[in-house]
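Encoded as structure tokens, the structure appears first; notes follow it.
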Amino acid sequence: MRQRKYVPVYTALGMMGLVMALPVLMMISNSVMGGQELKEAYGAVLGGAPGKLSARLLPVYPTLKPYVELLLDSPDFFVMFWNSVGQVFSILAGQTVVGTMAAWAFARYEFRGRKILFLVYMILMVMPFQVTMVSSYLVLSRLSLMDSHLSLILPGIFSTFPVFIMEKFFRGIPGEVFEAAKVDGAGELVVFLKIGIPLGSPGIISALILNFLEYWNAVEAPMTFLKTKAKMPLSLYLPEITADQMSASFTASVIMMLPAVLGFLWGRDYLQKGIEASGLRE
């Protein structure tokens, strides 16, 4: 009887989940449709063809031709894909070094101006890109870094968001652990590398996963700081696809979505811990 009471709740949640997943399911389904079938389904909206919209959840004639064309006959796609890989993982590597040291300093040391400096970090964290775009543009232009990979990598390395997440985890480590390590003769560097990094690894990983999702899908910064097409990331490939390349659009969307989905599935436990530590759940 008690389980029957929750049947309507589970049914409602299941229907809501299906509605939320429907666009993704349609995108995957449309990625294996042929060009003619896509024109018949969406041509009235995207291609200016006569007729009515007839969106389909399942393809009538499934084919892998769009994947073959995109992966084997689209050099621009590969260039932008590896640009994204190089830019994003360079940012994450830099954040691992810079962010962990900054978070460790905020969590472990008491120094003059610490609270004010951390407040500045938090203010910068909540500022949208549109607010800092002009100042970032001027600085990068003065350093002659515009239209280069470094124009995206350097600002990302010094992002304040990973410091905010990591600091919570470092601060949560019991002080007795550090005192015991110092009694055994461990220096500050050894404590940081052998105790701080392992115990704070959930916060480090959760911050890196969240930043991977952000920078992998970034659009505004690359459009602002990059002009050469050969240096642009994969996130700018989709806006350039025209209506007569609908199959390539759906296929590229699926391929671009895969790394983010796999990263999320792999690190969802760390993400939950990071949300709990940062207080974002409330």
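Worth saying up front: this structure is predicted, and the values here are computed from it rather than measured. All values below were derived from every heavy atom in this structure, side-chain atoms included, with hydrogens, water molecules and symmetry-related copies excluded.
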task = Count the heavy atoms of every other residue, nucleotide or ligand shown that sit under 6.0 Å from CZ of Phe264, and state whether that count exceeds 12.
result = no
request  = May I ask you to check whether over 12 heavy atoms, not counting those of Leu138, lie within 6.0 Å of atom CG?
outcome  = yes
key: Asn83 side chain to Met232 backbone, donor-acceptor under 3.5 Å   = yes
Side-chain donor or acceptor of Ser74 paired with backbone N/O of Glu69 under 3.5 Å = yes
task = Measure from the ring center of Tyr237 to the ring center of Phe77 and say whether it is less than 6.0 Å.
result = yes
Hphob cluster co-occupancy, [X] + [Y], side-chain heavy atoms under 4.5 angstrom:
| X | Y | result |
| --- | --- | --- |
| Val97 | Leu189 | yes |
| Val79 | Met256 | no |
| Met80 | Leu72 | no |
| Leu18 | Met20 | no |
| Val177 | Val191 | yes |

Calculate, to the nearest 0.5 Å, the distance between atoms [atom1] and [atom2] belonging to [X] and [Y] respectively.
| X | Y | atom1 | atom2 | value |
| --- | --- | --- | --- | --- |
| Leu199 | Ile173 | CG | CD1 | 4.5 Å |
| Phe118 | Ile123 | CZ | CD1 | 11.5 Å |
| Ser136 | Leu154 | OG | CG | 11.5 Å |
| Ile204 | Thr96 | CD1 | OG1 | 7.5 Å |
| Thr63 | Met33 | OG1 | CE | 12.0 Å |
| Leu150 | Gln87 | CG | CD | 10.0 Å |

Which heavy-atom pair separates [X] from [Y] by the least distance, and what is that distance?
| X | Y | value |
| --- | --- | --- |
| Ser84 | Ser235 | OG-N, 4.3 Å |
| Glu188 | Trp104 | OE2-NE1, 3.4 Å |
| Ser159 | Tyr215 | CB-OH, 3.6 Å |

Between [Y] and [X], is there a side-chain heavy-atom distance shorter than 4.5 Å?
| X | Y | result |
| --- | --- | --- |
| Val19 | Met16 | no |
| Leu71 | Ile255 | yes |
| Phe225 | Met146 | yes |
| Met125 | Val163 | no |

request  = Evaluate the ring planes of Phe106 and Phe111, with Trp represented by its six-membered ring, and classify them as parallel (under 30°), tilted (30 to 60°) or perpendicular (over 60°).
outcome  = tilted
ask   = What orientation do Phe212 and Phe89 show, parallel under 30°, tilted 30 to 60°, or perpendicular over 60°?
value = tilted
task = Flag this pair as yes if the NZ/CZ of Arg108 is under 6.0 angstrom from the six-membered ring centre of Phe178 and inside a 45 degree cone about the axis; otherwise no.
result = yes
ask   = Does the side chain of Thr228 come under 3.5 Å of the side chain of Asp147 through a donor N or O and an acceptor N or O?
value = yes
key: Any side-chain donor near an acceptor of the partner, Tyr137 and Thr224, under 3.5 Å   = no
